[in-house]
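What you see is a predicted model; the values in this text were computed from it and never measured. Order of listing sets the numbers, starting from 1, for every ligand and every atom in it.
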Amino acid sequence: MKILVPVKRVVDYNVKVRVKPDQTGVDLANVKMSMNPFCEIAVEEAVRMKEKGGVEEIIVVSVGPQQAQETIRTALAMGADRGILIQTDEMAEPLAVAKLLAKVVEAEGPEMVILGKQAIDDDSNQTGQMLGALLDWPQATFASEVELSDGKANVTREIDGGLQTLSVELPAIVTTDLRLNEPRYASLPNIMKAKRKPIDAKTPEDFGVDIAPRLKVIKVSEPPKREAGIKVESVAELVDKLKNKEGVIG
Ligand code: AMP
């Protein structure tokens, strides 16, 4: 069985993003970029499945600029087998990415695609679901546990107020939630080995997919600054402030 794992290169989660002075977007100059954390969890899960047996190959794919190759290499160092870079300098929206992934699925024939539940830059939480719709495959989103048996995946999902367990027929789409696993750090020998693993270079045109944006960004702005809190001396003062100053109690 083959597993496809799409990985996105995003601003590192430790970076405090800055809005560009002209408010057209976020400043990406000299900013540390990394693999989207939910994609790391997806790679880890695929590698664990391979280690358990029954998975022959893990293919990682990224849609992004030339530097997204580094993101693919990180996944290869974690244990994936080969990569595909679909190179573009345009910011591909989730629908464009899903269309490209559908073409890769057609060409590669994986039994499962494991994606992150969301990319931490656009926070869309759309690509996996759109891919499921385009392929007409079952989807189990927000997975906190995945177990393969007899051509099915039993997936425990985090939902409001609890956990739900679904059984989906393969081929299927799974998207990862935070508690699915803790991704490994790549060891130095594996980083060296990853340098020899193949990465196929493609473009959106090779797949005949138009990735022109469908959305127009009107303005990007910082959230309003939080005002400092105050300390009160007594409960009576607290009640007074809530009642007479803030008006939150009657
Ligand atoms: P999103 O729908 O943008 O929140 O992204 C959800 C997941 O879709 C990510 O965690 C990735 O697994 C995948 N994905 C989104 N954009 C890309 C991209 N440009 N290249 C590869 N995978 C992507």
Any N or O of [X] closer than 3.5 Å to N or O of ligand 1:
X      : value
Pro94  : no
Leu115 : no
Asn36  : yes
Cys39  : no

Check contact between Ala92 and ligand 1, using heavy atoms of the residue and a distance below 4.0 angstrom.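 Checking ligand 1 against Ala92, which is what was asked, there is no heavy-atom contact under 4.0 Å.
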Examine ligand 1 and decide if any of its atoms is less than 4.0 Å from a heavy atom belonging to Thr176.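 In this structure, Thr176 fails to qualify as a contact of ligand 1 - no heavy atom is under 4.0 Å.
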Any idea which protein heavy atom is nearest [atom], and the distance to it?
atom                    : result
atom 6 (C) of ligand 1  : Gly116 O, 3.4 Å
atom 1 (P) of ligand 1  : Thr127 OG1, 3.4 Å
atom 19 (N) of ligand 1 : Val63 O, 2.8 Å
atom 3 (O) of ligand 1  : Asp122 OD1, 3.2 Å
atom 16 (N) of ligand 1 : Lys8 CD, 3.4 Å

Nearest 0.5 Å, please: how far is CG in Leu100 from OG in Ser62?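 It comes to 11.0 Å.
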Supply the atom-to-atom distance Arg82 CZ to Lys2 NZ, rounded to the nearest 0.5 angstrom.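 Between atom CZ of Arg82 and atom NZ of Lys2 there are 5.5 Å.
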Are any non-hydrogen side-chain atoms of [X] and [Y] less than 4.5 angstrom apart?
X      : Y      : value
Phe142 : Asn125 : yes
Lys8   : Thr71  : no
Leu115 : Leu101 : yes
Lys50  : Asp81  : yes

Sidechain N-carboxylate O distance under 4.0 Å for Lys202, Glu108: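 Salt bridge between Lys202 and Glu108, a charged N being under 4.0 Å from a carboxylate O: no.
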